[in-house]
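Each residue takes its place number in the sequence, starting with 1.
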Amino acid sequence: MVQPLDCADIYNEGNGRSGVYMIFPEGPNSGRYVYCDMDTEGGKWTVFQRRMDGTVNFYRGWEQYKNGFGHAAGEYWLGLETIHLLTLKKNYELRVDMEDFNGARVFANYTSFSISPGAINAEVDGYKLHVSGFRTGGAGDSLSHHNGHKFSTFDKDQDAWSGNCAATRMGGFWYGSCQNANPNGIYMWGAVSDLSVHWYHFKNNYYSLQSISMKMRPVSLKTVE
């Protein structure tokens with residue numbers, strides 16, 4: 001039985017339709033359901049975060065952000081440990097797609113994306129974000145502010161601020177002090193609030209987006225040994 005590492009492997013097996021598939025980030029007993037975007041810019045994208053309708057609560061603690069929650073067919077977070085394991089095996093790029101409530105769609109692309117590369121223990125390292133090589137798709141660069149920061153939740157404060165960004169911004173993310181992007185904030189159906197799902201360089205910190213998804217794709221299909 002073929003055990004694909006990510007959506008690129010699934011695509012290369014001849015499955016070119018977007019939808020929910022199972023990947024195996026760490027061997028035969030590590031199966032995880034993910035949504036594969038096989039349509040955007042050539043496909044092969046493994047979606048690890050998606051907001052679209054407010055049906056899933058993203059104000060969650062450390063263990064849930066570590067292990068993942070939600071459902072791949074709808075809103076979900078894949079899990080920090082799984083994302084980390086994927087980035088150990090291949091070199092990935094990142095794409096963030098978003099849409100406002102007026103139908104405007106934009107994206108941001110980063111040519112390099114990884115979580116705690118080289119760390120002996122990624123959790124102890126805080127699942128630190130490494131992202132670079134921004135290329136605009138109309139959204140602007142709201143993620144470089146978060147580069148190099150550890151992931152924070154309301155019950156595990158690892159940000160660069162004297163307070164707790166995750167608690168005050170009602171989400172979990174790689175907060176600095178605090179954020180230019182808050183994809184995991186409160187879904188507010190266009191409401192004006194800095195607690196909302198937002199991307200500063202697109203609609204500022206006070207506009208709640210209709211949808212946002214974060215997805216990764218290998219820039220080289222060579223597996224890291």
Side-chain angles (χ1 to χ4, degrees), residues 7 18-20 34-60 65 69-78 83 92-111 113 129 131-147 149 151-153 159 165-217:
C7 293
S18 294
V20 177
V34 299
Y35 187 86
C36 295
D37 178 353
M38 303 302 199
D39 298 309
T40 301
E41 196 190 7
K44 305 183 182 181
W45 297 100
T46 301
V47 178
F48 65 86
Q49 184 269 4
R50 186 162 64 161
R51 311 294 299 277
M52 55 200 293
D53 53 21
T55 54
V56 173
N57 174 23
F58 273 66
Y59 188 50
R60 307 216 180 192
Y65 268 102
F69 56 85
H71 301 282
E75 295 195 328
Y76 79 110
W77 173 262
L78 180 58
I83 301 167
Y92 284 91
E93 63 177 314
L94 171 71
R95 179 178 169 118
V96 186
D97 284 294
M98 63 200 80
E99 182 178 1
D100 67 18
F101 278 89
N102 294 316
R105 297 180 180 180
V106 296
F107 70 90
N109 179 248
Y110 298 83
T111 59
F113 166 72
L129 174 67
V131 63
S132 62
F134 168 72
R135 295 187 301 187
T136 186
D141 180 13
S142 292
L143 199 57
S144 289
H145 168 82
H146 300 267
N147 180 50
H149 289 290
F151 201 91
S152 288
T153 57
D159 60 49
C165 293
T168 59
R169 298 301 185 265
M170 302 292 287
F173 203 59
W174 294 280
Y175 292 111
S177 57
C178 278
Q179 89 291 342
N180 279 343
N182 199 35
N184 298 329
I186 300 176
Y187 194 93
M188 291 187 171
W189 295 273
V192 178
S193 172
D194 64 352
L195 306 181
S196 67
V197 177
H198 61 252
W199 188 269
Y200 174 74
H201 290 91
F202 175 38
K203 301 290 288 191
N204 73 54
N205 278 358
Y206 295 90
Y207 181 92
S208 182
L209 297 170
Q210 180 178 20
S211 66
I212 188 166
S213 62
M214 304 181 74
K215 56 196 73 173
M216 54 199 289
R217 179 173 68 179

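Closest approach of Trp45 to Thr40, counting heavy atoms only: NE1-O, 2.9 Å. Smallest separation of non-hydrogen atoms from Tyr110 and Asp141: OH-OD1, 2.6 Å. Taking all atoms of both residues into account, the shortest heavy-atom contact from Gln49 to Asn184 is NE2-OD1, 3.1 Å. Contact between Leu209 and Tyr187 at its shortest, heavy atoms only, is O-CE1, 3.9 Å. The minimum heavy-atom distance linking His198 with Gln179 is given by the pair NE2-NE2, 3.1 Å. Minimum interatomic distance between Met38 and Cys7 (heavy atoms only, all atoms of both residues): CE-O, 3.4 Å.
In this structure the side chain of His71 never reaches within 4.5 angstrom of the side chain of Val56, judged on heavy atoms. In this structure the side chain of Met98 never reaches within 4.5 angstrom of the side chain of Lys203, judged on heavy atoms. Leu143 is not listed as a side-chain neighbour of Phe134, based on a closest heavy-atom distance of 4.5 Å or more.
Checked against side chain to side chain contact (heavy atoms under 4.5 Å, CB included), His201 has the following partners two or more places apart in sequence or in another chain: Ser142, Asn180. Scored by the side chain to side chain donor-acceptor pair (under 3.5 Å) test, Ser18 finds Asp39 as partners (sequence neighbours excluded).
Gln210 CD to Glu99 CD: the interatomic distance, rounded to the nearest 0.5 Å, is 5.0 Å. Once rounded to the nearest 0.5 Å, the distance linking CE of Met52 with OG of Ser213 reads 9.5 Å. Atom CG of residue Asn57 and atom CE of residue Met170 lie 8.0 Å apart, to the nearest 0.5 angstrom. To the nearest 0.5 angstrom, Phe173 atom CZ is 9.5 Å from Tyr65 atom OH.
The main-chain N or O of Ala181 is found under 3.5 Å from a side-chain atom of His146 such that the two form a donor-acceptor pair. Judged by distance alone, the side chain of Arg50 and the main-chain N or O of Ala72 form a donor-acceptor pair under 3.5 Å. The backbone N or O of Ala104 sits nowhere less than 3.5 Å from a side-chain atom of Asn102 that would complete a donor-acceptor pair. Judged by distance alone, with hydrogens and angles left aside, the side-chain atoms of Trp199 form a donor-acceptor pair with the main-chain N or O of Gly140 at under 3.5 Å. The closest donor-acceptor contact from the side chain of Asp194 to the backbone of Asn205 lies at 3.5 Å or more, if one exists at all. Within the 3.5 Å criterion, the main-chain N or O of Glu75 finds no donor-acceptor partner in the side chain of Arg51. Here the side chain of Arg105 pairs no donor or acceptor atom with the backbone of Asp97 at under 3.5 angstrom. Although no hydrogens or angles enter the test, the distance criterion places no donor-acceptor pair under 3.5 Å between the side chain of Tyr207 and the main chain of Val197.
The local environment of OH in Tyr206 is sparse, with at most 12 non-hydrogen atoms from other residues, nucleotides or ligands closer than 6.0 Å. In the displayed structure, Phe107 atom CZ is contacted under 6.0 Å by more than 12 heavy atoms of other residues, nucleotides or ligands.
The pair Arg135-Glu93 meets the salt-bridge criterion, since a charged nitrogen lies less than 4.0 angstrom from a carboxylate oxygen.
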Please step through side chain to side chain contact (heavy atoms under 4.5 Å, CB included) for the pair Trp77 and Ile83, ending with a clear verdict. CA-CA 10 Å; Trp77 173 262; Ile83 301 167; 4.1 Å; yes
Would you please test Phe113 and Leu129 for side chain to side chain contact (heavy atoms under 4.5 Å, CB included) and show each step? CA-CA 8 Å; Phe113 166 72; Leu129 174 67; 3.7 Å; yes
Dump the intermediate steps for side chain to side chain contact (heavy atoms under 4.5 Å, CB included) on Tyr76 and Val47, then the final yes or no. CA-CA 9 Å; Tyr76 79 110; Val47 178; 3.7 Å; yes
May I have the step-by-step check of ring pair (Phe, Tyr, Trp, His ring centres under 6.0 Å) for Phe48 and Tyr92, ending in yes or no? CA-CA 13 Å; Phe48 65 86; Tyr92 284 91; 9.6 Å; no
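When each of Thr168, Asp159, Thr153, Asn182 is tested with Tyr175 by the rule side-chain hydrogen bond (donor to acceptor under 3.5 Å, both in side chains), just one qualifies, namely Asn182.
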